[in-house]
Amino acid sequence: MATRTRILCFVLVMILMGCCCSAKIYKVGDSEGWKAKDGTYYAWAKRKEFQVGDSLLFEYDGNVNDVTQVSGALEYQFCNSHSPKAVYNTGHDVVTLTEPEARPPPRKILPFAKDFKVGDSQEWKVPDESDFYSKWSEEKLFHVGDNLLFYYNDEVEDVLEISGDLEFKSCDTSSPVAVHNTGQDLIRLTKPGIHYFITSKTGHCEAGLKLRVVVRPLPRGRVPKKMQLSPLDRLIQWLQSFRPQPHH
C-alpha cells in the first residue's frame with residue numbers, strides 16, 4: 001500500500017562507514033516504529049553512525065504502510081516509488097546495509113539555495129485566475145542556484161522552457177529550450193535574467209498556465225569567499241606551496 005512517508009530515507013541522510021567487527025541491528029524510529037511522522041526519521045538517522053553489515057529493522061502495520069527502497073535523490077525528494085530498488089511489506093522487515101559511503105544527495109549547487117514549489121498548493125495546473133502564476137512569481141525573490149519544483153499530472157500537463165518574451169506572450173511551443181514531462185520536475189536556475197515556462201497543451205497556456213521568473217545574481221553576502229577544502233586538499237595545497245617557481 002502506498003505511503004507518503006519518505007521511503008527508506010536513510011539511503012540519503014546517513015554515511016556508511018567501513019566494515020566493523022560486529023554488526024548491529026537498528027530498529028527504525030526506535031519506539032515510534034515506521035509510520036508517517038514528519039521529521040522523525042531524518043533526526044533519528046542523523047544521530048546514528050552506521051557501518052557496512054549493520055541492519056535496519058522496520059516494524060509497522062502492513063495494512064497501512066510498506067517500505068520501498070529508492071535509488072536516488074530525486075526519487076527520494078519527490079516520494080517517487082515508480083521504479084524501486086526493492087519493496088518490503090511484511091510489517092517486520094530486516095534490511096542489511098551492504099554498500100559504504102551512501103552520501104547525502106548533491107541537492108543544490110549552493111548550500112544557501114532555496115526550493116520553490118511552483119504554485120504552492122495549486123501546483124502546476126490551469127488556474128482559476130489567469131494571472132495566478134504571475135502573482136505567485138512576483139511575490140518571490142529568486143536567485144542563481146535556487147530550484148523550481150513543478151508538480152503536476154503528467155497525463156494532463158507538461159513544462160516547456162522557452163527562450164523569450166514573444167514566445168511567452170503568444171504561447172509559442174514550436175522551439176522550446178527544454179521539455180519536462182515527468183510530473184515531478186526539478187529545474188535549477190543557473191543564470192541570472194528572465195526565465196520563461198509554459199505548457200504545450202492546447203489552450204492551457206492561454207488560460208494562464210505560464211510562468212515568468214526573474215532570477216537575480218547572488219548578493220555579495222551570499223557568495224562564499226572561499227570554497228571549503230577537505231583536509232587532503234589542504235595538505236596538497238600546502239605541499240604545492242614548496243614547489244620552486246619557474247625562472248624567466
Side-chain angles (χ1 to χ4, degrees), residues 2-7 12 36 38 68 70-84 105-110 112-219 222:
T3 175
R4 293 295 294 177
T5 303
R6 289 278 170 122
I7 304 300
L12 299 176
D38 190 40
T68 302
V70 296
S71 58
L74 280 179
E75 290 86 348
Y76 167 80
Q77 184 170 350
F78 290 118
C79 294
N80 183 348
S81 59
H82 295 311
S83 301
R107 188 163 164 270
K108 298 169 180 174
I109 292 176
L110 300 169
F112 34 73
K114 296 180 180 179
D115 290 339
F116 293 92
K117 181 181 177 183
V118 174
D120 296 325
S121 60
Q122 161 77 16
E123 300 186 342
W124 182 246
K125 59 185 177 182
V126 176
D128 293 332
E129 299 178 3
S130 61
D131 61 349
F132 172 83
Y133 291 101
S134 175
K135 291 179 178 178
W136 179 87
S137 177
E138 289 172 358
E139 293 170 352
K140 309 289 189 295
L141 286 176
F142 302 97
H143 292 92
V144 169
D146 290 344
N147 299 307
L148 297 179
L149 309 177
F150 287 84
Y151 290 81
Y152 56 92
N153 183 344
D154 61 357
E155 295 181 356
V156 179
E157 303 296 352
D158 56 13
V159 180
L160 270 59
E161 295 184 58
I162 56 176
S163 58
D165 193 64
L166 182 61
E167 292 89 343
F168 180 78
K169 289 179 178 178
S170 61
C171 294
D172 182 354
T173 62
S174 60
S175 302
V177 175
V179 177
H180 308 274
N181 51 25
T182 69
Q184 300 173 334
D185 304 318
L186 183 149
I187 300 176
R188 183 165 289 128
L189 303 172
T190 59
K191 297 179 180 179
I194 303 177
H195 297 247
Y196 302 91
F197 305 91
I198 62 175
T199 177
S200 70
K201 306 306 178 182
T202 303
H204 292 196
C205 175
E206 290 82 357
L209 191 54
K210 56 199 304 188
L211 174 69
R212 176 167 42 204
V213 171
V214 178
V215 180
R216 296 162 175 79
L218 284 172
R222 293 177 69 185

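All values below were derived from every heavy atom in this structure, side-chain atoms included, with hydrogens, water molecules and symmetry-related copies excluded.
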Spatial distance of atom [atom1] ([X]) from atom [atom2] ([Y]) [nearest 0.5 Å]:
X: Asp128; Y: Gln122; atom1: CG; atom2: CD; value: 6.5 Å
X: Asp158; Y: Asn153; atom1: CG; atom2: CG; value: 11.5 Å
X: Asn147; Y: Asp115; atom1: CG; atom2: CG; value: 4.5 Å
X: Glu167; Y: Leu160; atom1: CD; atom2: CG; value: 11.5 Å
X: Ile162; Y: Ser200; atom1: CD1; atom2: OG; value: 11.5 Å
X: Asp120; Y: Phe132; atom1: CG; atom2: CZ; value: 6.5 Å

Where is the tightest heavy-atom contact between [X] and [Y], given as atom of each residue plus distance?
X: Lys191; Y: His195; answer: O-NE2, 2.8 Å
X: Gly145; Y: Arg188; answer: O-CG, 4.3 Å
X: Ala178; Y: His180; answer: CB-NE2, 3.9 Å

For residues 206-215, which side-chain donor-acceptor pairs fall under 3.5 Å, sequence neighbours excluded?
from, atom 1, to, atom 2, distance (Å)
Glu206, OE1, Gly203, N, 3.4
Lys210, NZ, Phe168, O, 2.8
Arg212, NH1, Asp165, OD1, 2.6

Do [X] and [Y] touch side chain to side chain, with heavy atoms closer than 4.5 Å?
X: Phe116; Y: Lys140; value: yes
X: Trp136; Y: Val118; value: yes
X: Tyr152; Y: Val159; value: yes
X: Leu141; Y: His143; value: yes

ask   = Is Asp146 reaching over with its side chain to a backbone N or O of Leu189, donor-acceptor style, under 3.5 angstrom?
value =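 Not confirmed, Asp146 side chain does not pair with Leu189 backbone.
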request  = Kindly state whether the ring of Tyr133 and the ring of Phe197 have centres lying under 6.0 angstrom apart.
outcome  = no
ask   = Do other residues, nucleotides or ligands put more than 12 heavy atoms under 6.0 Å from the NZ atom of Lys169?
value = no
key: Check against side chain to side chain donor-acceptor pair (under 3.5 Å), Ser134 and Asp131   = CA-CA 5 Å; Ser134 175; Asp131 61 349; over 6 Å; no
key: Among Lys201, His204, Lys125, the one residue meeting side-chain hydrogen bond (donor to acceptor under 3.5 Å, both in side chains) with Glu157   = His204
inquiry  = Would you say Ser170 and Asp172 are linked by a side-chain donor-acceptor pair, where the criterion is simply a distance under 3.5 Å?
reply    = no
query = Going through the checks in order, is the side chain to side chain donor-acceptor pair (under 3.5 Å) test met by Asn181 and Asp154?
reply = CA-CA 6 Å; Asn181 51 25; Asp154 61 357; over 6 Å; no
